[in-house]
Asker: 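Provided herewith is a single structure, encoded as structure tokens, for subsequent inquiry.
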Amino acid sequence: MPSSVTSSTSSTFRAGALCGALSGLLIALPGLVEAFTGETSATSVPLALAPAFALPLLTALHLRQGLAAGSLGKIAATMNLIGLGLFGGAAFASNLVLFYLDEDVVDETLTGPTIPALSGSAAVFAAGCALFGAAMIRARVFPRVPSWGYAVVLPLFAFLTALPDSLLTSALHVLVGVILIWLSAALWRTAPGVEHTTDQNRVPV
């Protein structure tokens with residue numbers, strides 16, 4: 001593999017890992033704080049921004065395991081990217097718009113197709129996470145524990161975060177953050193030796 005291609009791929013992995021670690025922190029730390037304070041303006045802002053930083057991570061994870069994951073990985077990554085875009089938009093609106101409105105205004109706003117659209121976004125995101133997690137488990141490129149966590153915990157997170165603040169929702173935020181940080185760390189470790197690990201992806205699992 002040409003050194004320029006290797007350098008570019010390594011940079012992509014490192015950028016994805018850094019963004020993923022930041023996304024994990026932006027989810028885990030507010031979740032930890034909200035266990036004691038409930039939702040506040042200070043915790044809403046990072047939660048609204050976190051999904052945007054998860055996009056480069058998802059892209060880099062797919063690139064790293066692409067050959068080993070096969071067609072399932074391609075389908076899963078596409079659905080997960082679409083779901084993350086939809087779910088991220090919903091999270092942004094919820095944490096930076098609806099959070100600052102009175103409950104009566106929110107009830108008036110969430111009418112017509114809004115609720116089905118939000119539920120649909122969560123469903124697509126959950127399905128995408130489950131599929132992409134399954135692709136990671138199958139490919140065996142990343143550690144099994146966070147791969148299973150991605151497949152199981154993130155789909156639950158998509159729906160249970162709509163519940164009122166509680167220790168359960170706070171714990172889910174922290175757990176999701178840990179999973180993203182773990183995967184980011186695993187991705188970062190592969191970046192310096194891309195030229196040595198690429199051939200491993202050529203072996204179907």
Side-chain angles (χ1 to χ4, degrees), residues 19-20 22-59 61-62 72 74-136 148-180 183:
C19 288
L22 179 57
S23 178
L25 288 173
L26 291 176
I27 295 172
L29 293 180
L32 185 61
V33 172
E34 287 183 356
F36 302 95
T37 66
E39 189 175 6
T40 67
S41 297
T43 59
S44 292
V45 173
L47 288 173
L49 300 177
F53 291 100
L55 288 167
L57 171 64
L58 177 56
T59 302
L61 291 174
H62 173 59
L72 173 62
K74 295 177 182 179
I75 296 171
T78 301
M79 179 172 287
N80 205 178
L81 282 170
I82 294 172
L84 182 56
L86 293 170
F87 188 73
F92 190 91
S94 176
N95 287 287
L96 287 184
V97 179
L98 299 180
F99 176 73
Y100 295 97
L101 300 178
D102 293 334
E103 290 187 8
D104 292 340
V105 176
V106 172
D107 291 338
E108 293 177 1
T109 302
L110 299 181
T111 56
T114 305
I115 294 296
L118 292 176
S119 299
S121 298
V124 174
F125 175 67
C129 288
L131 279 176
F132 193 75
M136 286 195 289
W148 275 99
Y150 198 99
V152 176
V153 178
L154 266 70
L156 292 176
F157 177 76
F159 293 104
L160 296 183
T161 50
L163 297 176
D165 293 338
S166 65
L167 289 178
L168 173 61
T169 57
S170 295
L172 272 176
H173 279 82
V174 174
L175 190 54
V176 168
V178 169
I179 290 169
L180 295 182
L183 288 172

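Only heavy atoms go into these numbers, but all of them, side chains included; no hydrogens, no water, no symmetry mates. Sequential numbering from 1 along the given sequence is applied to the chain's residues.
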Asker: Start with the C-alpha gap between S170 and V174, add the side-chain angles, then the distance that decides, and say whether side chain to side chain contact (heavy atoms under 4.5 Å, CB included) holds.
Answerer: CA-CA 6 Å; S170 295; V174 174; 5.7 Å; no
Asker: Rounded to the nearest 0.5 Å, what's the gap from CG on L25 to CG on L32? Could you check?
Answerer: 11.5 Å
Asker: Distance from L167 atom CG to F36 atom CZ, nearest 0.5 Å?
Answerer: 8.5 Å
Asker: For residues 77-87, which residue pairs qualify under side-chain hydrogen bond (donor to acceptor under 3.5 Å, both in side chains), counting only residues two or more places apart or in two chains?
Answerer: N80-Y150
Asker: Taking atom CG of L172 and atom OG of S166, what is their separation to the nearest 0.5 Å?
Answerer: 8.5 Å
Asker: Rounded to the nearest 0.5 Å, what's the gap from CG on L81 to CG on L55? Could you check?
Answerer: 6.5 Å
Asker: Check F99 against T40 and note the closest heavy-atom contact, atom names and distance.
Answerer: CZ-C, 3.7 Å
Asker: List the atom of L180, the atom of S23, and the distance in Å for their closest heavy-atom pair.
Answerer: CD1-OG, 3.8 Å
Asker: Measure the spacing between CG of N95 and OH of Y100 and express it to the nearest 0.5 Å.
Answerer: 8.5 Å
Asker: Heavy atoms only: give me the nearest G177-A28 pair and the separation to one decimal.
Answerer: CA-CB, 3.9 Å
Asker: Pairs of donor and acceptor atoms involving the side chains of residues 116-127, under 3.5 Å and at least two apart or interchain, shall be tabulated with distances.
Answerer:
{"unit_1": "S119", "atom_1": "OG", "unit_2": "I115", "atom_2": "O", "d": "3.1"}
{"unit_1": "S121", "atom_1": "OG", "unit_2": "A117", "atom_2": "O", "d": "2.9"}

Asker: Enter the distance from I82:CD1 to L86:CG here, rounded to the nearest 0.5 Å.
Answerer: 7.5 Å
Asker: Can you sort out the partners of P46 under side-chain contact (heavy atoms from CB on, under 4.5 Å), two or more places apart, ordered by chain and number?
Answerer: L26, P30
Asker: Just so I know, are the side chains of L154 and F132 near enough to count as touching, which here means a heavy-atom distance under 4.5 Å?
Answerer: no
Asker: According to ring-ring contact (aromatic ring centres under 6.0 Å, His included), who are the partners of F157, at least two apart in sequence or on a separate chain?
Answerer: H173
Asker: Could you report the tightest heavy-atom contact between A50 and I27, atom names first, then the distance?
Answerer: CB-CG1, 3.5 Å
Asker: Hey, could you give me each pair passing side-chain hydrogen bond (donor to acceptor under 3.5 Å, both in side chains) that has a residue in residues 26-37? Not counting sequence neighbours.
Answerer: E34-T43
Asker: Mind listing the closest non-hydrogen atom pair of P51 and A48 along with its distance?
Answerer: CD-O, 3.6 Å
Asker: Among residues at least two apart in sequence or on other chains, which ones pass side chain to side chain donor-acceptor pair (under 3.5 Å) with S44?
Answerer: E39
